[in-house]
Amino acid sequence: MKEYNPKKDSLYPWLVISTDDKGLEVIHAQLAKRKEVDNVLCAYRRLYPNRNLKVAYRPQI
């Protein structure tokens with residue numbers, strides 16, 4: 001399990017997420033810039049065509 005570090009997580013507010021069969025969110029990538037998210041999302045859509053991948057912006061306060 002990943003250790004929670006609020007200072008480190010606040011540097012990467014952009015998430016590529018999907019939901020699993022149970023309705024829980026699965027975080028595939030955590031990125032710093034929106035431009036990077038587009039590239040990663042495109043790559044994940046090629047790898048996992050059947051998943052409903054989304055982009056989320058969740059800045060930590």
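Hydrogens, waters and symmetry mates are skipped; everything else that's a heavy atom, side chains included, is used.
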Residue pairs passing the side chain to side chain donor-acceptor pair (under 3.5 Å) test where at least one lies in residues 36-48, sequence neighbours excluded: Arg34-Asp38

ILVMFWY cluster, Leu31 and Leu15 together (side-chain gap under 4.5 Å): no

Same cluster (ILVMFWY, side-chain, under 4.5 Å), Tyr57 and Leu41: yes

Point-to-point distance, once rounded to the nearest 0.5 Å, from NZ of Lys33 to OH of Tyr12: 11.0 Å

Distance-only check: which donor-acceptor pairs under 3.5 Å involve side-chain atoms of residues 17-28, not counting sequence neighbours?
unit_1: Ser18; atom_1: OG; unit_2: His28; atom_2: NE2; d: 2.8
unit_1: Asp20; atom_1: OD1; unit_2: Lys22; atom_2: N; d: 3.2
unit_1: Asp20; atom_1: OD1; unit_2: Gly23; atom_2: N; d: 3.1
unit_1: Asp20; atom_1: OD1; unit_2: Leu24; atom_2: N; d: 2.8
unit_1: Glu25; atom_1: OE1; unit_2: Arg58; atom_2: NH1; d: 3.1
unit_1: Glu25; atom_1: OE1; unit_2: Arg58; atom_2: NH2; d: 3.2
unit_1: Glu25; atom_1: OE2; unit_2: Arg58; atom_2: NH2; d: 3.0

Exercise: identify the closest heavy-atom pair between Pro13 and Pro59: CB-CA, 3.9 Å

